Number of protein chains: 2
Amino acid sequence: MPRKHSAADAPLRLDNQICFAVYSAAHAFNRVYKPLLDRLGLTYPQYLVMLVLWERDDVPVKDIGEKLFLDSGTLTPLLKRLEAAHLVRRTRSSEDERQVLIALTPQGHALKEKARAVPQSILAASDCSVSELVAMKDEIVALRDRLNAVIGE
Amino acid sequence: MPRKHSAADAPLRLDNQICFAVYSAAHAFNRVYKPLLDRLGLTYPQYLVMLVLWERDDVPVKDIGEKLFLDSGTLTPLLKRLEAAHLVRRTRSSEDERQVLIALTPQGHALKEKARAVPQSILAASDCSVSELVAMKDEIVALRDRLNAVIGE
DNA sequence: TCACATTTAATTGTTCGCAATTGAATGTGC
DNA sequence: GCACATTCAATTGCGAACAATTAAATGTGA
């Protein structure tokens, strides 16, 4: 009985890797977002930063980094590009000169209205009910948090 | 009755975005993989390429790209680094001179044995049963494929 | 107070990821 | 057979992502 694959190799097969499922799904999302975000003049990570700021404004870089799991090496140049696009302002905190506070400009605030069209386009592209997506999201977040807990050890 | 958030803003809230769940889970996986892959001298995308090659060897760049959803702009420099690490060889196909065939070196083949320890470490880190992970993986792959179908339109 | 550790952003260097372009090889339609 | 389109990898340029380091501001203990 010839076999194409050895059973011992199963754990190393690409199609058996949940990490690749997640990795490739993230890229697929990125590609779906791209044309939508192009109209806003944003990249996907920039869009995430704007989501954070639309919820709360005038926050230090560190707070944004904690919410998005990104560090200053990623955020500093990204925020400078958002500043160059006149969407945010970067100012040193007067209370703690180490912190740089990120505030939305009027244009940054205004972009929120244009962004409202994005989530519904994504929902349509995922071709899935809201409840299914919410359930999946919660599972993935739970997995992510368990992984992050291991890293923190 | 004061509300912190408007209901109209719910679709734009970071915690409601499945894409962010996927995005941040991908990064969490990356961080868990890093110390494991450091021992193999591989980055995560390089590990994915090696997974493909351990299944089948002597394939054109295009085939690897189709399996991983990556293009030559990503793969060409990555494969050159794997070649510099003596894990693969790159040769022009004699039948079709446009194609570059990627073959494993003996060291590339040998690395597979060292890599067998990786999946079980990941399984432990995800703190989850195999059947749960398989179910999640299948859901995520189905979502990814629906997203990719939209892009292909 | 003063030495010392901690916190915070910024910087540097390496590796992805992709769009757009180039150039060579191949396939095709007439 | 020959113009033409197509295929494939390589290249270029830009924007992440992160490790490691730097530098300044702040906090802490003796």
Side-chain angles (χ1 to χ4, degrees), chain A residues 19-20 23-35 37-38 40-50 59-66 68-85 87-88 90-102 148 151, chain B residues 19-20 23-35 37-38 41-50 59-66 68-85 88 90-102 148 151:
Chain A
C19 64
F20 176 64
Y23 169 92
S24 55
H27 290 313
F29 266 118
N30 208 339
R31 285 189 281 266
V32 173
Y33 268 101
K34 181 143 201 331
L37 295 181
D38 278 349
L40 306 184
L42 295 173
T43 64
Y44 180 69
Q46 290 169 5
Y47 173 68
L48 291 179
V49 169
M50 294 302 285
V59 290
V61 174
K62 187 186 198 305
D63 285 21
I64 300 174
E66 276 170 6
L68 299 180
F69 306 98
L70 297 174
D71 68 3
S72 73
T74 301
L75 288 174
T76 296
L78 187 156
L79 290 167
K80 285 184 178 176
R81 284 187 280 272
L82 289 180
E83 189 180 40
L87 295 173
V88 307
R90 302 163 59 250
T91 53
R92 289 271 161 196
S93 165
S94 52
E95 292 135 35
D96 185 339
E97 292 273 346
R98 291 171 302 184
Q99 295 185 345
V100 169
L101 298 180
I102 307 299
N148 278 332
I151 299 163
Chain B
C19 64
F20 175 63
Y23 170 90
S24 55
H27 289 310
F29 266 117
N30 209 337
R31 285 188 281 266
V32 172
Y33 268 100
K34 181 143 200 331
L37 295 181
D38 277 349
L42 295 173
T43 65
Y44 180 67
Q46 289 169 4
Y47 174 68
L48 291 180
V49 169
M50 294 301 286
V59 290
V61 174
K62 187 183 198 306
D63 285 21
I64 300 174
E66 276 169 6
L68 299 180
F69 307 97
L70 297 172
D71 69 2
S72 73
T74 301
L75 288 174
T76 296
L78 187 156
L79 289 166
K80 284 184 177 177
R81 284 187 281 271
L82 289 180
E83 189 179 39
V88 306
R90 303 162 59 250
T91 52
R92 290 272 162 196
S93 164
S94 51
E95 292 134 36
D96 185 339
E97 291 274 344
R98 291 171 304 185
Q99 294 185 346
V100 169
L101 298 179
I102 309 298
N148 278 332
I151 299 163

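None of the values given here were measured: they were computed from a predicted structure. The chains referred to below are lettered A, B, ... by the order of the sequence lines, with proteins before strands, and numbering in each begins at 1.
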- Hey, mind stepping through B/Val32 and A/Ile151 against side chain to side chain contact (heavy atoms under 4.5 Å, CB included) and telling me if it holds? CA-CA 6 Å; B/Val32 172; A/Ile151 299 163; 3.7 Å; yes

- Just call it for A/Pro60: base, sugar-phosphate, or nothing, with non-hydrogen atoms closer than 4.0 Å on any strand. sugar-phosphate

- Nucleotide by nucleotide, 5' to 3', does protein get under 4.0 Å of the base (B), only the sugar-phosphate (S), or neither (-) in nucleotides 18-25 of chain D, counting heavy atoms? BS-----B

- Of all the heavy-atom pairs spanning A/Pro77 and A/Ser72, show the shortest one and how long it is. CD-O, 3.9 Å

- Shortest non-hydrogen contact from A/Asn148 toward B/Ala28: OD1-CB, 3.6 Å

- Hey, does A/Phe20 have a side-chain heavy atom less than 4.5 Å from the side chain of B/Phe29? no

- What's the CG-C1' distance between B/Leu101 and D/dC8, to the nearest Å? 12 Å

- For B/Leu42 against B/Tyr47, the heavy-atom pair lying closest together: CD1-CA, 4.1 Å

- Task: Anything under 4.0 Å to a heavy atom of chain B counts; send over the first and last such nucleotide of DNA chain C, read 5' to 3'.
- Result: C/dT15 to C/dT26

- DNA chain C nearest-nucleotide lookup for A/Val61 and A/Tyr23: closer to the 5′ end is A/Val61

- Rounded to whole Å, CG of A/Leu82 lies from P of D/dG15 at a distance of 11 Å

- A/Arg92: what forms a salt bridge (Lys or Arg N to Asp or Glu O under 4.0 Å) with it, not counting sequence neighbours? none

- Atom CD of B/Glu66 and atom C1' of D/dC8 are separated, to the nearest Å, by 11 Å

- Message: Roughly what angle, to 10°, lies between the helix axis at the start of the helix from C/dT1-D/dA30 to C/dC30-D/dG1 and the one at its end, five pairs per end?
- Response: 10°

- Message: With a 4.5 Å cut-off on side-chain heavy atoms, are A/Ile102 and A/Glu83 touching?
- Response: no

- Item | Length of the line joining B/Lys62:NZ and D/dT7:P, which is rounded to integer Å | 8 Å

- Item | Most 5' of A/Ser94 and A/Leu78 on DNA chain D, judged by nearest nucleotide | A/Leu78

- Message: Please report the distance, rounded to the nearest Å, between CG in B/Leu79 and P in D/dC8.
- Response: 16 Å

- Task: Heavy atoms only: give me the nearest A/Val61-A/Leu75 pair and the separation to one decimal.
- Result: O-CD1, 3.9 Å

- Provide, to the nearest angstrom, the distance between the CZ atom belonging to B/Phe20 and the P atom belonging to D/dA17. 11 Å

- Just jot down the side-chain contact (heavy atoms from CB on, under 4.5 Å) partners of A/Asp71, sequence neighbours excluded, or say none. A/Thr74

- Message: Could you check whether any side-chain heavy atom of B/Leu37 comes within less than 4.5 Å of a side-chain heavy atom of B/Gln46, counting everything from C-beta outward?
- Response: no

- Listed by chain and number, what are the ring-ring contact (aromatic ring centres under 6.0 Å, His included) partners of A/Tyr23, not counting sequence neighbours? A/His27, B/Tyr44

- Message: Just the rounded figure in Å: distance from P of D/dG15 to CG of A/Asp38.
- Response: 13 Å

